[in-house]
Amino acid sequence: MFNSISNNFGAGTIQFRDYQSDNYVVLDAKFTYDTTNAAYLAAEVLEIVVPDLAIDRSVETGVMMRYVDRGTRNGSPYVSDGGTVLKSWIKDKNTLCIEKMTTFDEHGEIIIYIHALYCQLARGANTAKGVTASLNIKQGTKCLTWGTDNVCVIHDRWTFLHLRIGGIIDARRDADWRCLIEGFPLDVDIDIPLAMTYCYQNTLTGGVNECHIKESFWTMAAGQRNDGFSNTGNNVFLFGFFVRNNEPIIDIEGRLDIAENPIKGSGTDQISAFELEMSPLPSLAYMTGSMGKYGSTSHIVYPKSVPERMPDFKMFLVGRGQTGSGLWLQLDTVELTTIDSKQVIKVSNLTGMNLVSVKLFDTGIGFSIS
(Lines give C-alpha, C1' and ligand atoms only; values in the text may rest on other atoms or scores of the structure.)
Protein backbone atom coordinates (compact mmCIF):
# COMPACT_ATOMS: atom_id res chain seq x y z
CA MET A 1 0.00 0.00 0.00
CA PHE A 2 1.24 3.50 -0.80
CA ASN A 3 -0.01 7.08 -1.20
CA SER A 4 0.37 9.25 -4.26
CA ILE A 5 2.89 12.09 -4.10
CA SER A 6 0.88 14.55 -6.20
CA ASN A 7 -1.38 14.89 -9.25
CA ASN A 8 -2.13 17.52 -11.87
CA PHE A 9 -5.94 17.63 -11.55
CA GLY A 10 -6.63 18.65 -7.95
CA ALA A 11 -7.68 15.27 -6.53
CA GLY A 12 -5.65 15.40 -3.30
CA THR A 13 -3.80 12.38 -1.91
CA ILE A 14 -4.78 9.03 -3.46
CA GLN A 15 -4.23 5.77 -1.58
CA PHE A 16 -3.29 2.67 -3.59
CA ARG A 17 -3.25 -0.99 -2.76
CA ASP A 18 -0.58 -2.64 -4.83
CA TYR A 19 1.13 -5.85 -5.86
CA GLN A 20 4.31 -5.39 -7.87
CA SER A 21 6.26 -7.93 -9.89
CA ASP A 22 9.13 -7.76 -12.39
CA ASN A 23 6.88 -7.28 -15.41
CA TYR A 24 3.47 -6.23 -14.11
CA VAL A 25 1.81 -4.20 -11.37
CA VAL A 26 -1.70 -4.64 -9.93
CA LEU A 27 -3.20 -1.42 -8.54
CA ASP A 28 -6.47 -0.71 -6.71
CA ALA A 29 -7.69 2.80 -5.90
CA LYS A 30 -10.90 4.84 -5.73
CA PHE A 31 -10.86 8.63 -5.81
CA THR A 32 -12.87 11.65 -6.97
CA TYR A 33 -12.07 14.89 -8.73
CA ASP A 34 -13.97 18.12 -9.35
CA THR A 35 -14.45 19.01 -13.01
CA THR A 36 -14.61 22.74 -12.12
CA ASN A 37 -11.15 22.66 -10.51
CA ALA A 38 -8.65 24.91 -12.29
CA ALA A 39 -5.93 22.24 -12.26
CA TYR A 40 -8.29 19.74 -13.93
CA LEU A 41 -9.35 22.28 -16.56
CA ALA A 42 -5.71 22.91 -17.44
CA ALA A 43 -4.68 19.25 -17.67
CA GLU A 44 -4.53 17.44 -21.02
CA VAL A 45 -3.94 14.02 -19.44
CA LEU A 46 -4.64 13.14 -15.81
CA GLU A 47 -1.25 12.33 -14.24
CA ILE A 48 -0.64 10.87 -10.78
CA VAL A 49 2.89 11.00 -9.35
CA VAL A 50 3.65 7.93 -7.23
CA PRO A 51 6.67 6.38 -5.47
CA ASP A 52 8.95 4.21 -7.61
CA LEU A 53 7.08 1.36 -9.30
CA ALA A 54 8.62 -1.99 -10.24
CA ILE A 55 8.05 -1.26 -13.95
CA ASP A 56 8.82 1.92 -15.88
CA ARG A 57 6.14 1.73 -18.58
CA SER A 58 3.08 -0.36 -19.44
CA VAL A 59 0.58 -1.16 -22.14
CA GLU A 60 -2.78 0.60 -21.87
CA THR A 61 -5.43 -0.89 -19.61
CA GLY A 62 -8.93 0.18 -18.66
CA VAL A 63 -10.16 1.95 -15.53
CA MET A 64 -13.79 2.85 -14.81
CA MET A 65 -15.15 6.38 -14.39
CA ARG A 66 -18.54 7.09 -12.85
CA TYR A 67 -20.75 10.10 -12.23
CA VAL A 68 -23.75 10.24 -9.88
CA ASP A 69 -27.06 11.44 -11.38
CA ARG A 70 -30.02 11.41 -9.00
CA GLY A 71 -33.10 13.58 -8.70
CA THR A 72 -36.87 13.66 -9.05
CA ARG A 73 -38.85 12.99 -12.22
CA ASN A 74 -42.65 13.37 -12.34
CA GLY A 75 -42.66 13.54 -8.56
CA SER A 76 -40.69 10.30 -8.08
CA PRO A 77 -37.00 9.90 -7.25
CA TYR A 78 -34.71 8.39 -9.86
CA VAL A 79 -31.16 6.96 -9.92
CA SER A 80 -29.33 7.22 -13.24
CA ASP A 81 -25.61 6.96 -12.44
CA GLY A 82 -23.49 6.48 -15.55
CA GLY A 83 -19.94 6.23 -16.74
CA THR A 84 -17.54 4.54 -19.08
CA VAL A 85 -14.06 2.99 -19.35
CA LEU A 86 -11.00 5.24 -19.66
CA LYS A 87 -7.56 4.35 -20.98
CA SER A 88 -4.82 4.23 -18.35
CA TRP A 89 -1.10 3.49 -18.52
CA ILE A 90 2.18 3.79 -16.63
CA LYS A 91 4.28 6.43 -18.40
CA ASP A 92 7.39 5.98 -16.25
CA LYS A 93 8.22 4.47 -12.88
CA ASN A 94 6.75 7.50 -11.08
CA THR A 95 3.78 8.46 -13.27
CA LEU A 96 0.38 6.83 -13.73
CA CYS A 97 -1.71 8.38 -16.53
CA ILE A 98 -5.47 8.34 -17.19
CA GLU A 99 -7.02 9.79 -20.33
CA LYS A 100 -9.08 12.94 -19.82
CA MET A 101 -12.66 12.70 -21.05
CA THR A 102 -14.76 15.83 -20.71
CA THR A 103 -18.05 14.39 -22.00
CA PHE A 104 -19.59 14.14 -18.54
CA ASP A 105 -18.00 17.19 -16.87
CA GLU A 106 -21.43 18.79 -16.39
CA HIS A 107 -21.99 16.39 -13.46
CA GLY A 108 -19.29 18.14 -11.44
CA GLU A 109 -17.74 15.26 -9.53
CA ILE A 110 -16.26 12.20 -11.22
CA ILE A 111 -15.35 8.97 -9.43
CA ILE A 112 -12.47 6.86 -10.74
CA TYR A 113 -12.09 3.16 -9.90
CA ILE A 114 -8.69 1.60 -10.62
CA HIS A 115 -8.81 -2.20 -10.44
CA ALA A 116 -6.20 -2.90 -13.07
CA LEU A 117 -3.19 -4.96 -14.03
CA TYR A 118 -0.47 -2.94 -15.79
CA CYS A 119 1.83 -5.13 -17.89
CA GLN A 120 5.24 -4.14 -19.24
CA LEU A 121 6.26 -5.86 -22.44
CA ALA A 122 9.74 -7.16 -23.22
CA ARG A 123 10.57 -7.85 -19.57
CA GLY A 124 10.48 -11.66 -19.73
CA ALA A 125 7.84 -14.11 -18.61
CA ASN A 126 6.38 -14.46 -15.14
CA THR A 127 5.91 -18.17 -14.49
CA ALA A 128 3.71 -17.80 -11.39
CA LYS A 129 0.34 -19.42 -12.07
CA GLY A 130 -2.95 -18.63 -10.41
CA VAL A 131 -5.65 -21.09 -9.43
CA THR A 132 -9.01 -21.01 -11.18
CA ALA A 133 -11.53 -20.94 -8.35
CA SER A 134 -14.81 -22.84 -8.41
CA LEU A 135 -17.26 -20.24 -7.08
CA ASN A 136 -20.50 -21.15 -5.32
CA ILE A 137 -22.74 -18.11 -4.76
CA LYS A 138 -25.11 -18.58 -1.83
CA GLN A 139 -28.02 -16.39 -0.73
CA GLY A 140 -29.91 -16.59 2.56
CA THR A 141 -32.96 -15.11 0.84
CA LYS A 142 -32.60 -15.61 -2.89
CA CYS A 143 -32.52 -12.26 -4.67
CA LEU A 144 -30.50 -12.91 -7.84
CA THR A 145 -29.57 -15.46 -10.42
CA TRP A 146 -25.98 -15.28 -11.66
CA GLY A 147 -24.52 -15.87 -15.10
CA THR A 148 -22.71 -19.05 -16.05
CA ASP A 149 -19.71 -17.13 -17.40
CA ASN A 150 -18.32 -16.12 -14.00
CA VAL A 151 -14.53 -16.40 -13.69
CA CYS A 152 -12.19 -16.11 -10.71
CA VAL A 153 -8.42 -16.65 -10.73
CA ILE A 154 -6.60 -16.50 -7.40
CA HIS A 155 -2.94 -15.65 -6.85
CA ASP A 156 -1.20 -15.42 -3.49
CA ARG A 157 -1.38 -11.62 -3.39
CA TRP A 158 -4.17 -10.68 -5.82
CA THR A 159 -7.19 -12.08 -7.60
CA PHE A 160 -9.11 -11.55 -10.83
CA LEU A 161 -12.92 -11.66 -10.82
CA HIS A 162 -15.67 -11.42 -13.43
CA LEU A 163 -19.31 -11.79 -12.34
CA ARG A 164 -22.50 -11.24 -14.32
CA ILE A 165 -26.01 -10.89 -12.90
CA GLY A 166 -28.37 -13.14 -14.85
CA GLY A 167 -31.70 -12.12 -13.34
CA ILE A 168 -33.48 -10.69 -10.32
CA ILE A 169 -36.22 -12.28 -8.19
CA ASP A 170 -39.28 -10.03 -8.52
CA ALA A 171 -40.03 -9.91 -4.79
CA ARG A 172 -36.47 -8.71 -4.07
CA ARG A 173 -36.18 -5.92 -6.65
CA ASP A 174 -36.37 -3.17 -4.02
CA ALA A 175 -34.39 -4.93 -1.27
CA ASP A 176 -30.76 -4.67 -0.21
CA TRP A 177 -28.83 -7.63 -1.61
CA ARG A 178 -26.26 -9.83 0.13
CA CYS A 179 -24.63 -12.96 -1.32
CA LEU A 180 -21.76 -15.18 -0.14
CA ILE A 181 -19.24 -15.89 -2.90
CA GLU A 182 -17.92 -19.18 -1.60
CA GLY A 183 -14.44 -19.87 -2.95
CA PHE A 184 -13.49 -16.18 -3.28
CA PRO A 185 -10.66 -14.94 -1.00
CA LEU A 186 -11.74 -13.66 2.42
CA ASP A 187 -9.06 -10.94 2.41
CA VAL A 188 -10.50 -8.67 -0.30
CA ASP A 189 -12.33 -5.54 0.90
CA ILE A 190 -13.18 -3.28 -2.02
CA ASP A 191 -15.75 -0.96 -3.67
CA ILE A 192 -16.40 -2.19 -7.22
CA PRO A 193 -18.21 -0.54 -10.16
CA LEU A 194 -21.02 -2.49 -11.82
CA ALA A 195 -21.37 -1.71 -15.53
CA MET A 196 -24.56 -2.14 -17.55
CA THR A 197 -26.09 -1.42 -20.94
CA TYR A 198 -28.70 1.22 -20.10
CA CYS A 199 -28.55 4.69 -18.59
CA TYR A 200 -31.97 6.24 -19.20
CA GLN A 201 -31.08 9.84 -18.34
CA ASN A 202 -28.02 9.80 -20.61
CA THR A 203 -28.05 7.87 -23.87
CA LEU A 204 -24.34 8.60 -24.47
CA THR A 205 -23.24 5.94 -22.01
CA GLY A 206 -24.19 2.86 -20.06
CA GLY A 207 -25.10 2.84 -16.40
CA VAL A 208 -22.50 2.40 -13.67
CA ASN A 209 -23.44 1.61 -10.06
CA GLU A 210 -21.35 0.57 -7.05
CA CYS A 211 -21.28 -2.66 -5.04
CA HIS A 212 -18.93 -3.98 -2.38
CA ILE A 213 -17.10 -7.19 -1.51
CA LYS A 214 -15.84 -7.88 2.00
CA GLU A 215 -14.92 -11.23 3.58
CA SER A 216 -16.36 -12.99 0.50
CA PHE A 217 -19.76 -11.29 0.91
CA TRP A 218 -21.03 -9.30 -2.07
CA THR A 219 -23.47 -6.54 -1.08
CA MET A 220 -25.44 -3.87 -2.87
CA ALA A 221 -27.88 -1.38 -1.35
CA ALA A 222 -31.23 -0.87 -3.07
CA GLY A 223 -30.67 2.90 -3.23
CA GLN A 224 -27.51 2.42 -5.33
CA ARG A 225 -29.29 0.77 -8.29
CA ASN A 226 -30.20 2.56 -11.49
CA ASP A 227 -33.72 2.76 -12.82
CA GLY A 228 -34.08 -0.16 -15.21
CA PHE A 229 -31.30 -2.10 -13.45
CA SER A 230 -33.34 -5.30 -13.63
CA ASN A 231 -34.56 -4.92 -17.21
CA THR A 232 -33.96 -7.80 -19.60
CA GLY A 233 -30.82 -7.30 -21.66
CA ASN A 234 -29.18 -4.85 -19.26
CA ASN A 235 -26.20 -7.23 -18.92
CA VAL A 236 -24.96 -6.07 -15.51
CA PHE A 237 -21.41 -7.22 -14.72
CA LEU A 238 -18.29 -6.49 -12.69
CA PHE A 239 -14.72 -7.07 -13.75
CA GLY A 240 -11.41 -6.32 -12.10
CA PHE A 241 -8.06 -7.21 -10.54
CA PHE A 242 -8.11 -6.91 -6.75
CA VAL A 243 -5.14 -6.82 -4.38
CA ARG A 244 -5.58 -9.09 -1.38
CA ASN A 245 -5.11 -7.66 2.11
CA ASN A 246 -2.55 -10.21 3.14
CA GLU A 247 1.16 -10.27 3.73
CA PRO A 248 3.60 -12.33 1.67
CA ILE A 249 3.81 -15.91 2.89
CA ILE A 250 7.13 -16.35 4.65
CA ASP A 251 8.84 -19.65 3.95
CA ILE A 252 9.51 -20.91 7.46
CA GLU A 253 11.80 -23.92 7.62
CA GLY A 254 9.85 -27.07 8.37
CA ARG A 255 6.41 -25.70 7.46
CA LEU A 256 4.53 -27.86 4.97
CA ASP A 257 1.34 -27.02 3.13
CA ILE A 258 -1.14 -28.09 0.47
CA ALA A 259 -3.43 -25.50 -1.14
CA GLU A 260 -5.82 -26.07 -4.06
CA ASN A 261 -9.17 -24.53 -5.05
CA PRO A 262 -10.78 -26.90 -5.64
CA ILE A 263 -9.02 -30.17 -4.85
CA LYS A 264 -10.83 -32.89 -6.77
CA GLY A 265 -11.68 -36.55 -6.31
CA SER A 266 -13.61 -39.05 -8.43
CA GLY A 267 -16.67 -37.86 -10.33
CA THR A 268 -18.08 -34.68 -8.80
CA ASP A 269 -16.27 -35.13 -5.47
CA GLN A 270 -14.21 -32.10 -4.49
CA ILE A 271 -13.21 -29.92 -1.55
CA SER A 272 -13.52 -26.19 -2.24
CA ALA A 273 -10.98 -23.63 -1.04
CA PHE A 274 -8.77 -26.35 0.46
CA GLU A 275 -5.79 -25.33 2.57
CA LEU A 276 -3.73 -27.50 4.91
CA GLU A 277 -0.69 -26.30 6.81
CA MET A 278 1.49 -28.18 9.27
CA SER A 279 5.04 -28.78 10.43
CA PRO A 280 6.69 -32.19 10.90
CA LEU A 281 5.03 -34.40 13.51
CA PRO A 282 4.34 -34.11 16.33
CA SER A 283 2.69 -30.83 15.39
CA LEU A 284 -0.46 -28.82 14.99
CA ALA A 285 -2.13 -28.92 11.58
CA TYR A 286 -4.60 -26.29 10.37
CA MET A 287 -7.15 -27.03 7.65
CA THR A 288 -9.85 -25.09 5.83
CA GLY A 289 -12.21 -26.25 3.12
CA SER A 290 -15.80 -27.20 2.40
CA MET A 291 -17.35 -30.27 0.83
CA GLY A 292 -20.71 -31.90 0.24
CA LYS A 293 -21.27 -35.62 -0.31
CA TYR A 294 -24.37 -37.66 0.44
CA GLY A 295 -24.86 -41.39 0.87
CA SER A 296 -21.37 -41.97 2.25
CA THR A 297 -19.55 -41.47 5.53
CA SER A 298 -16.27 -40.51 3.83
CA HIS A 299 -15.01 -38.18 1.13
CA ILE A 300 -11.77 -38.78 -0.81
CA VAL A 301 -9.91 -36.29 -3.00
CA TYR A 302 -6.54 -36.34 -4.74
CA PRO A 303 -4.05 -33.49 -4.18
CA LYS A 304 -1.97 -32.57 -7.21
CA SER A 305 1.18 -32.57 -5.11
CA VAL A 306 2.22 -33.29 -1.53
CA PRO A 307 5.46 -31.97 0.04
CA GLU A 308 8.02 -34.75 0.16
CA ARG A 309 8.56 -34.42 3.92
CA MET A 310 4.87 -34.42 4.82
CA PRO A 311 4.09 -37.74 6.57
CA ASP A 312 0.83 -39.63 6.34
CA PHE A 313 -1.27 -38.49 9.30
CA LYS A 314 -4.73 -38.45 10.82
CA MET A 315 -6.38 -35.72 12.92
CA PHE A 316 -9.77 -34.91 14.43
CA LEU A 317 -11.53 -31.66 13.52
CA VAL A 318 -14.88 -30.07 14.30
CA GLY A 319 -16.78 -28.76 11.27
CA ARG A 320 -19.90 -26.72 10.63
CA GLY A 321 -22.64 -28.60 8.79
CA GLN A 322 -23.91 -27.20 5.48
CA THR A 323 -27.35 -28.79 5.31
CA GLY A 324 -30.59 -27.79 7.01
CA SER A 325 -31.69 -24.37 8.20
CA GLY A 326 -29.98 -24.45 11.61
CA LEU A 327 -26.38 -24.39 12.79
CA TRP A 328 -24.99 -27.80 13.68
CA LEU A 329 -21.54 -29.26 14.22
CA GLN A 330 -20.03 -32.58 13.26
CA LEU A 331 -16.82 -34.32 14.30
CA ASP A 332 -14.67 -35.48 11.40
CA THR A 333 -11.35 -37.15 10.87
CA VAL A 334 -9.03 -35.83 8.18
CA GLU A 335 -6.34 -38.16 6.90
CA LEU A 336 -3.46 -37.85 4.52
CA THR A 337 -2.98 -41.47 3.58
CA THR A 338 -1.92 -43.72 0.72
CA ILE A 339 -4.47 -45.73 -1.29
CA ASP A 340 -3.29 -47.80 -4.27
CA SER A 341 0.14 -46.16 -4.13
CA LYS A 342 -1.40 -42.69 -4.38
CA GLN A 343 -1.55 -40.10 -1.61
CA VAL A 344 -5.12 -38.99 -0.93
CA ILE A 345 -6.97 -36.80 1.54
CA LYS A 346 -9.86 -38.58 3.23
CA VAL A 347 -12.50 -36.82 5.35
CA SER A 348 -14.76 -39.10 7.43
CA ASN A 349 -17.94 -38.21 9.34
CA LEU A 350 -17.91 -39.57 12.93
CA THR A 351 -21.46 -38.50 13.85
CA GLY A 352 -23.13 -41.58 12.37
CA MET A 353 -24.83 -39.68 9.54
CA ASN A 354 -24.49 -40.98 6.02
CA LEU A 355 -23.15 -37.73 4.58
CA VAL A 356 -20.07 -35.56 4.61
CA SER A 357 -21.39 -32.03 4.11
CA VAL A 358 -19.21 -29.74 6.15
CA LYS A 359 -17.08 -26.60 6.36
CA LEU A 360 -13.81 -27.00 8.22
CA PHE A 361 -11.92 -24.13 9.86
CA ASP A 362 -10.07 -25.87 12.66
CA THR A 363 -6.70 -26.81 14.09
CA GLY A 364 -5.87 -30.29 15.35
CA ILE A 365 -2.94 -32.47 16.30
CA GLY A 366 -1.78 -34.78 13.53
CA PHE A 367 -1.09 -38.38 14.53
CA SER A 368 1.20 -40.46 12.37
CA ILE A 369 -0.49 -43.35 10.54
CA SER A 370 2.58 -44.48 8.60
Side-chain angles (χ1 to χ4, degrees), residues 19 21 26 126-137 150-161 180-189 213 215-216 241-266 268-281 283-293 299-320 322 332-339 342-348 356 358-366 369:
Y19 173 74
S21 184
V26 180
N126 189 327
T127 57
K129 291 185 178 181
V131 175
T132 301
S134 178
L135 300 181
N136 182 20
I137 302 180
N150 301 328
V151 178
C152 179
V153 179
I154 299 175
H155 288 254
D156 288 341
R157 301 295 310 285
W158 59 274
T159 185
F160 167 81
L161 179 66
L180 172 63
I181 310 175
E182 194 172 72
F184 188 73
L186 289 166
D187 51 15
V188 173
D189 184 353
I213 292 180
E215 295 180 349
S216 299
F241 299 84
F242 308 113
V243 177
R244 299 175 62 181
N245 298 330
N246 62 0
E247 296 298 325
I249 297 174
I250 300 173
D251 187 13
I252 299 175
E253 184 178 356
R255 185 166 67 183
L256 307 171
D257 64 88
I258 302 172
E260 296 180 33
N261 188 11
I263 182 169
K264 296 185 176 182
S266 301
T268 59
D269 290 358
Q270 67 176 31
I271 300 178
S272 300
F274 181 86
E275 189 170 337
L276 170 68
E277 183 177 321
M278 68 177 300
S279 56
L281 291 174
S283 70
L284 292 179
Y286 172 74
M287 200 193 101
T288 67
S290 60
M291 66 217 74
K293 183 173 183 178
H299 191 74
I300 295 176
V301 293
Y302 314 117
K304 293 178 182 178
S305 63
V306 176
E308 291 183 3
R309 293 175 294 130
M310 184 176 283
D312 288 357
F313 68 88
K314 180 177 184 178
M315 62 183 179
F316 295 86
L317 296 178
V318 175
R320 187 181 75 191
Q322 296 198 81
D332 300 270
T333 59
V334 177
E335 300 176 52
L336 176 65
T337 186
T338 302
I339 298 178
K342 186 174 185 178
Q343 283 186 293
V344 305
I345 294 167
K346 180 178 180 181
V347 181
S348 301
V356 187
V358 65
K359 278 188 173 184
L360 292 170
F361 300 93
D362 199 7
T363 300
I365 298 175
I369 55 175

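Below, all heavy atoms of this structure are taken into account, side chains as well, without hydrogens, waters or symmetry copies. All of these numbers come straight from a predicted model, not from anything done at the bench.
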- Task: Taking all non-hydrogen atoms of both residues into account, name the closest pair between Ser272 and Pro262 and its distance.
- Result: CA-CB, 4.3 Å
- Query: Is the shortest heavy-atom distance from the side chain of Met315 to the side chain of Ile365 under 4.5 Å?
  - Reply: no
- Query: Of the options Met291, Lys264, Met287, which is the one that meets Phe274 in a side-chain contact (heavy atoms from CB on, under 4.5 Å)?
  - Reply: Met287
- Side chain of Glu260, backbone of Lys304: donor and acceptor closer than 3.5 Å? yes
- Message: Using 0.5 Å steps for rounding, measure from the CG atom of Asn150 to the CG atom of Leu161.
- Response: 7.5 Å
- Message: Under the rule for ring-ring contact (aromatic ring centres under 6.0 Å, His included), what residues qualify as partners of Tyr302, not counting sequence neighbours?
- Response: none
- With side chains defined as the heavy atoms from C-beta onward, is the minimum distance between Gln343 and Leu336 less than 4.5 Å? yes
- Task: Search all heavy atoms of Pro303 against all heavy atoms of Val344 and return the closest pair with its distance.
- Result: CD-CA, 4.0 Å
- Query: Any idea which heavy atoms bring Phe242 and Val188 closest together, and the distance?
  - Reply: CB-CG1, 4.1 Å
- Polar side-chain atom of His299 near backbone of Ile345 as donor-acceptor pair, under 3.5 Å: no
- Nearest-0.5 Å distance, CD of residue Glu182 to NZ of residue Lys359: 4.0 Å
- Task: Kindly indicate whether the side chain of Phe313, heavy atoms from C-beta on, has any atom under 4.5 Å from the side chain of Met278.
- Result: yes
- Test Arg157 against Asn246 for side chain to side chain contact (heavy atoms under 4.5 Å, CB included), laying out the working first. CA-CA 7 Å; Arg157 301 295 310 285; Asn246 62 0; 3.1 Å; yes
- Message: Distance check, rounded to the nearest 0.5 Å: Arg244 atom CZ versus Leu186 atom CG?
- Response: 8.5 Å
- Query: Which value, rounded to the nearest 0.5 Å, describes the distance between Thr288 atom OG1 and Ile271 atom CD1?
  - Reply: 10.0 Å
- Item | Within-4.5 Å side-chain heavy-atom neighbours: Pro307 and Ile258 | yes
- Query: Among Asp362, Thr333, Val334, which residue meets the side-chain contact (heavy atoms from CB on, under 4.5 Å) test with Phe316?
  - Reply: Thr333
- Item | Heavy-atom pair with the smallest gap, counting every atom of Gly364 and Leu317 | N-CD2, 3.6 Å
- Between Phe160 and Phe241, what is the ring plane arrangement, given parallel below 30°, perpendicular above 60°, and tilted in between? tilted
- Query: Rounded to the nearest 0.5 Å, what separation is found between the CG atom of Asp312 and the OG1 atom of Thr337?
  - Reply: 5.0 Å
- Query: How long is the span from the CG atom in Asn261 to the SG atom in Cys152, to the nearest 0.5 Å?
  - Reply: 7.5 Å
- With sequence neighbours left out, what residues match Lys293 under side-chain hydrogen bond (donor to acceptor under 3.5 Å, both in side chains)? Asp269
- Message: For a quick test of reading the model, state the closest non-hydrogen atom pair linking His155 to Gly130 and the distance between them.
- Response: CE1-N, 3.3 Å
- Counting only N and O atoms by type, is there a donor-acceptor contact under 3.5 Å from the side chain of Ser216 to the main-chain atoms of Phe184? yes
